[in-house]
Amino acid sequence: MPTLRAARIGTRTLQVLPDDPAQQAAAPFVPGESGWWLLPSDAALLKKEAARDVPAPYPGLVTIGTTEAGDLLLLNLTQVPALLLDGNPVHITEVCTSLALELGMSPWASDIEVVTVGFGQDLPHLLPTTRIAHMRQPAHALRDLSERLLEAQQIPETRHQPYLLLCASSLDADTAWQLADLIDKSGTAPVTLIAPASPAAAHFPEAAILNASASEPQTLDHASIDITLQHLEHTAYTQIATALKMSAQPAHPAEEPWRDLPEEPEGAPRPRVAGEPIVPVPVATSPAQAQNESSEGFPALVVATTDPSGLRLLPAATMPREGHDEPGPGTGAASSTAPEPTALDHAEEANENADLTDDYQVPPAEGAEAHALHAPEVRVLGPVEVTGVDSTGHGPRVAQLAALLLFRPGRSADVLCSDMDPVNPWSASTLNARIRGLRRSLGNDPSGNPYVPRRSSGEDPYQLSPTVRCDWTRFLQLVEHALPLGPTGLPDLEKALGLVRGRPFGGKPLPWAQPLQQEMITRIIDVAHTVATYRTPPGPHHDLSAARQAVTTGLDVDPTAELLYRGWLRIEHAAGNRQGLHTAITRVQQVNQALDCSLELETLQLINELLNNPSPEARRAL
């Protein structure tokens, strides 16, 4: 494609200015006036569908102002090493904001990287694209540019990607000199600086200087044309920002954490008397009947949701076992009968998840306290979500890529491309585009270091900063802290369950995440069972609503977990909810019928025991 300096868009005309005025006009353009090429009104153009498959050849084109005729003048920033602005700092910020917003939304600027300094701290999270990064200080941007140029030198396929530094705050002489030196040595990697003229002008003697405070036309030497510089005033920016915030809000606001505590009932279930008849177990005749019973007899079983908050599991011996009427203090429950092993026991004994720790290590609890609260978070206890990553467009895939980098760090490009799509592996360009989008979405830490570090060579692995948080890490740390405390650790156990938003990694995890998903499901079920075991019996920790919440969270993750159905049965029996007890029985029977398997012996024995032993509430009702 021919190198262009600028483009002009009128009401019905489009013209481009080639870098070489003597160059013959390239079709479909024809020669125009003063070296410009004109697009004829009857020119044959690509159809929209075909044009979508053509990479945009000029990602640096952006509106810089308007001509005296009212045409928009677009400047190709990739051909301008530096453009300096003079005038009032407020007006300089307005010009920079206008450029940042347009480049952030432009359909032909998908490959450009925009770094803002001195303004635009909210732009990375307002715009649906991931092209803009905000740096607190010019020194941070200087370091980022150094890493970008090293990346371009070591990874040739990234050299064509433009880098634009928009700085609304004045540069000190040393930083301006270093930026000038870097831009001069950038080679084929297009880099552009737009910054206040003073004192940067001394280090960019060939740069054009425009007056940001001027309201009359001024000459843009690079295009040999007079323009009125484009601004975006604060009022207009506020309106745009408000509209973007409104469009990004979820359709339904998140529910507040559940806080109500029911009164503790008195009494305890009486033991079954020998010779007492066994009541037949009811069976639902249809799923509709089971649904009706569930909605009428068990309205308190609701989906548990709460906001994520932040802290490795201890040996399974600290987990309370099913069948204990009163868990003991300190390290868990004690019973004269042999305890029922939990799923956690089996996982520990078989060491079936040992390979998971090869790549993903859970930091110790004290390390979590050092995690900066502002650091982005990867949430996998439900559909994968990442702080700052949009839920539309490429957002879900970028979020999955972030989870892959977190749980499987140090992978090469080929492995990542295959992991993200085993059937049709990503291309290297697709991977790099998604990495750039993730880097812009997560931004930088307070020291200016990106949460997605740049690679200095093609052999370097892809990874996330160790400060990036994860809800699974928080879940494990909370549980590790709580399990040794016995019932007094219930608040932290319930906080851990509050992090669970659904099935880990969503309904269709990528193959690499499936072993992790099973590990997480097992741990969540064990924690839910622990909370229900502590909350169901009479005593100081009795709270049937909290017990139901825990069981519901576990069944939302694995609706076939029979261990949790037994907890549900005990809860309804303790509440004297006979209809709810029958609903739970019907539900577990239907689940096993769908799986074409029989109920576990423990479940059958528990059903017979509860149906033949009225709860204290039921006896009082009689």
Side-chain angles (χ1 to χ4, degrees), residues 254-262 298 300-314 316 318-322 327 332-333 342-344 347 362 365 368 377-385 469-506 516-537 541-568 570-571:
E255 298 180 12
E256 290 295 321
W258 178 87
R259 300 178 184 277
D260 296 336
L261 294 174
F298 199 45
L301 192 62
V302 295
V303 175
T305 59
T306 187
D307 291 333
S309 52
L311 296 178
R312 176 174 94 144
L313 285 177
L314 288 179
T318 61
M319 297 286 286
R321 304 294 197 256
E322 181 181 329
T342 66
L344 181 58
V362 179
E377 182 181 43
V378 178
R379 295 180 288 276
V380 298
L381 297 180
V384 181
E385 297 177 350
R469 298 175 297 148
C470 181
D471 58 350
W472 174 235
T473 304
R474 174 66 168 162
F475 179 94
L476 294 177
Q477 291 167 337
L478 282 168
V479 174
E480 179 187 54
H481 175 264
L483 285 178
L485 305 178
T488 57
L490 277 169
D492 279 348
L493 293 178
E494 290 166 344
K495 283 182 182 179
L497 289 180
L499 299 175
V500 180
R501 298 172 289 108
R503 196 170 180 84
F505 291 97
L516 278 167
Q517 183 190 57
Q518 294 305 314
E519 161 77 357
M520 293 176 184
I521 290 173
T522 298
R523 304 295 187 180
I524 292 169
I525 290 174
D526 282 322
V527 175
H529 166 61
T530 301
V531 172
T533 300
Y534 284 147
R535 290 295 192 189
T536 303
H541 304 289
H542 179 76
D543 188 338
L544 294 183
S545 292
R548 286 188 179 106
Q549 189 90 331
V551 168
T552 303
T553 300
L555 290 178
D556 189 38
V557 168
D558 183 5
T560 69
E562 202 161 319
L563 177 69
L564 296 181
Y565 282 104
R566 292 197 288 272
W568 184 2
R570 291 190 178 92
I571 293 169

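Hydrogens, waters and symmetry mates play no part in the numbers below; they use all other heavy atoms, side chains included. Nothing fancy with the numbering, it's 1 onward along the sequence. Computed from a predicted model, the values in this text were never measured in an experiment.
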Here the gap from Glu480 atom CD to Leu478 atom CG, rounded to the nearest 0.5 Å, amounts to 10.5 Å

Hey, does the side chain of Glu385 reach the backbone of Arg379 with a donor-acceptor pair shorter than 3.5 angstrom?
no

Derivation of the side chain to side chain contact (heavy atoms under 4.5 Å, CB included) call for Thr552 and Trp568
CA-CA 9 Å; Thr552 303; Trp568 184 2; over 6 Å; no

Is it true that a side-chain atom of His541 and a backbone atom of Arg535 form a donor plus acceptor pair closer than 3.5 Å?
no

When you measure from the side chain of Gln549 to the backbone of Glu494, do you find a donor-acceptor pair of N or O atoms at a distance under 3.5 Å?
no

Can you list the steps and then say if Tyr534 with Asp543 is a side chain to side chain contact (heavy atoms under 4.5 Å, CB included)?
CA-CA 9 Å; Tyr534 284 147; Asp543 188 338; over 6 Å; no

Measuring from Glu377:CD to Thr473:OG1, what's the distance to the nearest 0.5 Å?
9.0 Å

Looking only at heavy atoms, what is the nearest atom pair of Gly489 and Ala482, with distance?
O-CB, 3.2 Å

For Ala532 against Ala547, the heavy-atom pair lying closest together:
CA-CB, 4.1 Å

Between Met520 and Phe475, is any pair of side-chain heavy atoms under 4.5 Å apart?
no

Can you confirm whether Pro504 sits close enough to Leu516 that some side-chain heavy atom of one is under 4.5 Å from a side-chain heavy atom of the other?
no

The reported gap from NZ in Lys495 to NE2 in His481 (rounded to nearest 0.5 angstrom) is 9.5 Å

What is the distance from atom CG of Asp558 to atom CG of Leu564, rounded to the nearest 0.5 Å?
8.0 Å

Intermediate values then yes/no, side chain to side chain contact (heavy atoms under 4.5 Å, CB included), Trp472 and Glu519
CA-CA 11 Å; Trp472 174 235; Glu519 161 77 357; 4.2 Å; yes

Which atoms form the tightest heavy-atom contact between Gly567 and Val551, and what is the distance?
C-CG2, 4.5 Å

Tell me if a side-chain donor or acceptor on His542 pairs with a main-chain N or O of Thr536 at a distance below 3.5 Å.
yes

Rounded to the nearest 0.5 Å, how far apart are OG1 of Thr533 and CG of Leu563?
7.5 Å

For residues Leu555 and Ala561, report the shortest heavy-atom separation together with the two atoms involved.
CD2-O, 4.0 Å

So if I apply the side chain to side chain contact (heavy atoms under 4.5 Å, CB included) rule between Val479 and each of Thr530, Val527, Asp526, Asp492, which one comes out positive?
Val527

Test your reading of the model: is there a side-chain donor-acceptor pair from Arg503 to the backbone of Asp556, 3.5 Å cut-off?
no

Stepwise side chain to side chain contact (heavy atoms under 4.5 Å, CB included) test for Leu381 and Val557:
CA-CA 9 Å; Leu381 297 180; Val557 168; over 6 Å; no

Can any side-chain N or O of Tyr565 pair as donor or acceptor with the backbone N or O of Pro559 at less than 3.5 Å?
yes

Where the side chain of Asp471 meets the backbone of Val380, is there a donor-acceptor pair that is under 3.5 Å apart?
yes

Shortest non-hydrogen contact from Ala550 toward Leu497:
CB-CD1, 3.7 Å

